[in-house]
Amino acid sequence: MSKRITPFASRYCSTLGRLKEAIRRKRPGLLRRGVVLQHDNATPHSANLTQQWLQRYGWEILPHSAHSPDLAPSDFHLFGPLKRHLGGMAFETEDDLISELRNWFDNLDVDFFRVGINSLLSRWQKCIDLHRDYVEK
């Protein structure tokens, strides 16, 4: 069975290219040691174009159970605090919302992201122990 073609794969590859450039600027040794990327099984992530891009640059992909928010730091770590922050707010325009989001992200401490990424290890192990079933909190 061939992988589907998606118009979003090209955009995703462009995003990966920007990520690669940011890593090159900020952590150049990381590119030489190898990048391990975790993304879900969304169609743009599994498209042939994306797989070719990842193979070209030698990026390793962590396997991800289908439909498993337990392993997506954005789902288990980011969206809760973001939802609490935005709770009760109303925005006149999309630009106002974007401005508030940028402000919120800019003011997050680096430890916020470190905790989310580090908790992925224990959640990953729980998922493996549960034979890829959902992880209870």
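No hydrogens, no waters, no symmetry mates; every other heavy atom, side chains included, goes into these values. Computed from a predicted structure; not experimentally measured.
Checked against side-chain hydrogen bond (donor to acceptor under 3.5 Å, both in side chains), S122 has no partners two or more places apart in sequence or in another chain. Contacts of S99 classified as side-chain hydrogen bond (donor to acceptor under 3.5 Å, both in side chains), with partners at least two apart in sequence or in another chain: none. Under the side-chain contact (heavy atoms from CB on, under 4.5 Å) criterion, L108 pairs with W104, F105, F112, F113, sequence neighbours left out. For N107, the side-chain contact (heavy atoms from CB on, under 4.5 Å) test picks out N103, with sequence neighbours left out. Not a single side-chain hydrogen bond (donor to acceptor under 3.5 Å, both in side chains) links Q52 to another residue, sequence neighbours left out. The side-chain contact (heavy atoms from CB on, under 4.5 Å) test applied to L101 returns L82, L86, L97, not counting sequence neighbours. Under the side-chain hydrogen bond (donor to acceptor under 3.5 Å, both in side chains) criterion, R24 pairs with E21, not counting sequence neighbours.
Taking a 6.0 Å sphere around CZ of R102, one finds it holds 12 or fewer heavy atoms contributed by other residues, nucleotides or ligands.
Hydrophobic side-chain contacts under 4.5 Å tie L31 into a cluster, directly or through other members, with Y12, L16, L19, I23, L30, V35, L37, W53, L54, Y57, W59, I61. Hydrophobic cluster of V115: no remaining members, since no ILVMFWY side chain lies below 4.5 Å from it.
Under the 4.5 Å side-chain criterion, counting only non-hydrogen atoms from C-beta, H85 is in contact with E100.
In this structure, Q51 and H45 approach most closely via the heavy-atom pair NE2-O, 2.8 Å. For C13 against T50, the heavy-atom pair with the smallest separation is SG-CA, 3.6 Å.
Sorted by first and then second residue, the side-chain hydrogen bond (donor to acceptor under 3.5 Å, both in side chains) pairs with a member in residues 111-120 read D111-R114; sequence neighbours excluded. Annotation: salt bridge (Lys or Arg N to Asp or Glu O under 4.0 Å) contacts involving residues 86-96, sequence neighbours excluded, are absent.
Residues S14 and R18 have side chains that bring a donor and an acceptor to within less than 3.5 angstrom of each other.
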